[in-house]
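Heads up, the thing below is written out as structure tokens.
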Amino acid sequence: MSDANGGTVRTRFAPSPTGWLHVGTARTALFSYLHARRHGGTFVLRIEDTDVERNVERGAEGIADALGWLGLRADEGYGVGGPHGPYVQTERLDRYHTSVASLIERGLAYRCWCTPEELAERRKAAQAAGRPPGYDGRCRDLPDAQIRAYQAEGRVPAVRFRLPDEGETVVTDLIRGTVRFDNATLTDFVALRPNGIPTYLFAAVFDDVDMGITDVIRGEDLFPATPSQLHVFRALGREAPPRFAHLPLLVGPDGRKLSKRLGAVAVEEFRAQGYLPEALVNYLALLGWALDDHTEHFTLAELERVFELERVSRNPAQFDPRKLEALNGWHLRELSADDFTARSLEFVRRAGYPDADQDLLRRAAPLVSERVTRLDQVPGMVGFLLDDEVELDPDAAAKVLDAEGRAFLDAATKLLQAVEPWTAEAIETTLRALQAERGLKPKKAFQPIRLAITGTLVSPPLFESMELLGKPRSLARLERARVHPG
RNA sequence: GCCCCCAUCGUCUAGUGGCCUAGGACACCACCCUUUCAAGGUGGCGACGCGGAUUCGAACUCCGCUGGGGGCACCA
């Protein structure tokens, strides 16, 4: 795909450094990244920090880190560099100033001396009177005397971009098709604040032009801003505007905007809970996009080959943590034992096993990986291997260590002392023989052993677990359970 | 108030006039497998918002309604 000028595709992701990377924002980044990759283009990362009040310390680094974790590396931009820098908007102020001055000179923009208070008041009045709340155009053509009066008052003007009052503006969108906007509904917006910092509406367009962006992929919340921005593109001399693709919004379980209240929303939070980037990417790709009627599992590399913006749906998608979790379990099971171990390690260490035996974890991996859906569940599953201070669950003990259960435990302990070599197979043969001899159901016979070994009634497979634990430790636990059953 | 978008199982979606008694996935239920828990397998529950129109024929086209969402800032 090439743009109207024959160039290759250039997309950008332009977050504001106002906090952690939100999953909805991350999905926008993913789609933008995929579109660039799919067409052999360039993915640019730009930081839009023009709302200086809301910027947070190290916000841009945090976002870049989260993107990197997801595997969405920028080809150009913040943290990477490139020929169109700087890629942080507050470092580009002189460019905006030059451009705005030229717009004023050409009559495409004008100074507005209204104060925020005056604007708020008029907005309120307009709404009360049933008129649209947008700017009323008061400063469009001010007489010199009035301007001098404002200056004498010490007012510092903002600069507004002038928009047409009549006619219509046609927006063409890769996802939504063609939409016509009546220009009468457009109002002159502030392009440059009195403090010299531009607003989003202007800065984003200026940068898209300056950075040669051919495809603007963003959230649907920006769709209504598109007609206004189209006029800016034209004013800035761009022969053809970029292609636009407005993605459906992500909503929470309540059908409303995804919010903190209903669970994790930041990529970092999912990471801390033990979600794999592969799973998050897979899930996010499926929110509002599908390849066909049956393919559900994708790697980033596969998505880069098959993703098509044209197949993005137009309706808002509800974020479903359960499906993410299911997908995470699937990706966890896809991991090799080595990989699973490597990724589990930090979770195990943080959970109170700083010196966890990596080799032991590696051997336990196949037993554990199909029993967890998040990495933060791993410590709970392997704890019995790492810590000899296992406490027997009292409720479980009461339930399982009845006369029969204890008798089996006693007999098993004696028999197991003779088992050599200490393999799952040998252990199983021994215990099953005893179980059959006693005429007990497997569950009845083995749950007391499981309790003694792991402390609970839910664990990885028993015989394999005992092999991993080793003979001395296993026998010690059986012994201990006989003497101190809870 | 005005402008814009959207509308298939609870959720994400497939579906572009006949292949649809609407397919898949998650969730849920049952069964199978089974040393617990999982994983896996099989089956089940479950949707085209409503009303018109066009057509031999509409989930798919058009209109209206209803419902949801977004926007109307010196936020992005």
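What you see is a predicted model; the values in this text were computed from it and never measured. Note on naming: letters A, B, ... go to the chains in the order of the sequence lines (proteins, then strands), and numbering restarts at 1 for each one.
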Atom [atom1] of [X] to atom [atom2] of [N]: distance rounded to whole Å?
X: Leu332(A); N: C37(B); atom1: CG; atom2: P; value: 21 Å
X: Asp292(A); N: U16(B); atom1: CG; atom2: P; value: 13 Å
X: Arg176(A); N: C3(B); atom1: CZ; atom2: P; value: 19 Å
X: Arg311(A); N: U16(B); atom1: CZ; atom2: C1'; value: 11 Å
X: Lys443(A); N: C33(B); atom1: NZ; atom2: C1'; value: 15 Å
X: Glu53(A); N: A76(B); atom1: CD; atom2: C1'; value: 14 Å
X: Phe161(A); N: A73(B); atom1: CZ; atom2: C1'; value: 18 Å
X: His294(A); N: G15(B); atom1: NE2; atom2: P; value: 12 Å

**Request:** By nearest nucleotide on RNA chain B, pick out whichever of Trp330(A) and Pro224(A) is the more 5' one.
**Result:** Trp330(A)
**Message:** Closest-nucleotide mapping onto RNA chain B: is Leu462(A) or Glu220(A) further toward the 5' terminus? I mean the 5' end.
**Reply:** Glu220(A)
Would you tell me if any nitrogen or oxygen in the side chain of [X] comes within less than 4.0 Å of OP1 or OP2 on [N]?
X: Arg333(A); N: G40(B); answer: yes
X: Arg322(A); N: U11(B); answer: no
X: Ser313(A); N: U13(B); answer: yes
X: Asn183(A); N: C3(B); answer: no
X: Thr18(A); N: A76(B); answer: no
X: Arg160(A); N: C74(B); answer: yes

Using a cut-off of 4.0 Å on non-hydrogen atoms, how would the nucleic acid contact of [X] be classed: base, sugar-phosphate, or nothing?
X: Leu119(A); result: base
X: Arg218(A); result: nothing
X: Pro316(A); result: sugar-phosphate
X: Leu286(A); result: sugar-phosphate
X: Ala290(A); result: sugar-phosphate
X: Glu464(A); result: base
X: Leu222(A); result: base
X: Gly288(A); result: sugar-phosphate
X: Pro461(A); result: base
X: Pro194(A); result: base
X: Pro460(A); result: base
X: Thr373(A); result: nothing
X: Gln447(A); result: sugar-phosphate
X: Cys112(A); result: nothing

**Message:** What I want to find out is whether Glu61(A) reaches Arg58(A) closely enough, with some N-O distance under 4.0 Å, to be called a salt bridge.
**Reply:** yes
**Request:** In plain terms, say whether Arg123(A) and Asp136(A) are close enough for a salt bridge, that is, a side-chain N and a carboxylate O under 4.0 Å apart.
**Result:** no
**Message:** If we check side chain to side chain donor-acceptor pair (under 3.5 Å) with Asp188(A), which of these qualifies: Arg140(A), Arg160(A), Arg162(A)?
**Reply:** Arg140(A)
Quote, to the nearest angstrom, the [atom1] distance that separates [N] from [M].
N: G67(B); M: C74(B); atom1: P; answer: 32 Å
N: C48(B); M: C9(B); atom1: P; answer: 7 Å
N: G24(B); M: G41(B); atom1: P; answer: 14 Å
N: A47(B); M: A59(B); atom1: C1'; answer: 10 Å
N: U13(B); M: U34(B); atom1: C1'; answer: 34 Å
N: U55(B); M: C65(B); atom1: P; answer: 24 Å
N: C28(B); M: G71(B); atom1: C1'; answer: 38 Å
N: A38(B); M: U66(B); atom1: P; answer: 48 Å

**Item:** C2(B) - base-pair partner by Watson-Crick or wobble geometry, distances under 3.5 Å
**Value:** G71(B)
**Fill in**
In Watson-Crick or G-U wobble terms, with both distances under 3.5 Å, the base opposite U11(B) is A25(B)
**Asked** Which listed nucleotide (G71(B), C12(B), U35(B)) is nearest to the side chain of Gln318(A)?
**Response** C12(B)
**Prompt:** Looking at G24(B), U35(B), G10(B), which one has an atom nearest to any side-chain atom of Asp320(A)?
**Reply:** G10(B)
Determine whether the aromatic ring centres of [X] and [Y] lie less than 6.0 Å apart.
X: Phe189(A); Y: Phe202(A); value: no
X: Phe298(A); Y: Trp289(A); value: yes
X: Phe270(A); Y: Phe319(A); value: yes

**Message:** Given the structure, check if the side chain of Arg314(A) and the base of C6(B) hold any donor-acceptor pair shorter than 3.5 Å.
**Reply:** no
**Item:** Those residues that, when tested against Glu325(A), pass side chain to side chain donor-acceptor pair (under 3.5 Å) (two or more places apart)
**Value:** Tyr275(A), Thr373(A), Arg374(A)
**Request:** Report yes or no: is the cationic atom of Arg27(A) (NZ for Lys, CZ for Arg) under 6.0 Å from the centre of the six-membered ring of Phe31(A), at an angle within 45° of the ring normal?
**Result:** yes
**Prompt:** Which pairs pass ring pair (Phe, Tyr, Trp, His ring centres under 6.0 Å) with one or both residues in residues 422-446 of chain A, sequence neighbours excluded?
**Reply:** Phe446(A)-Phe463(A)
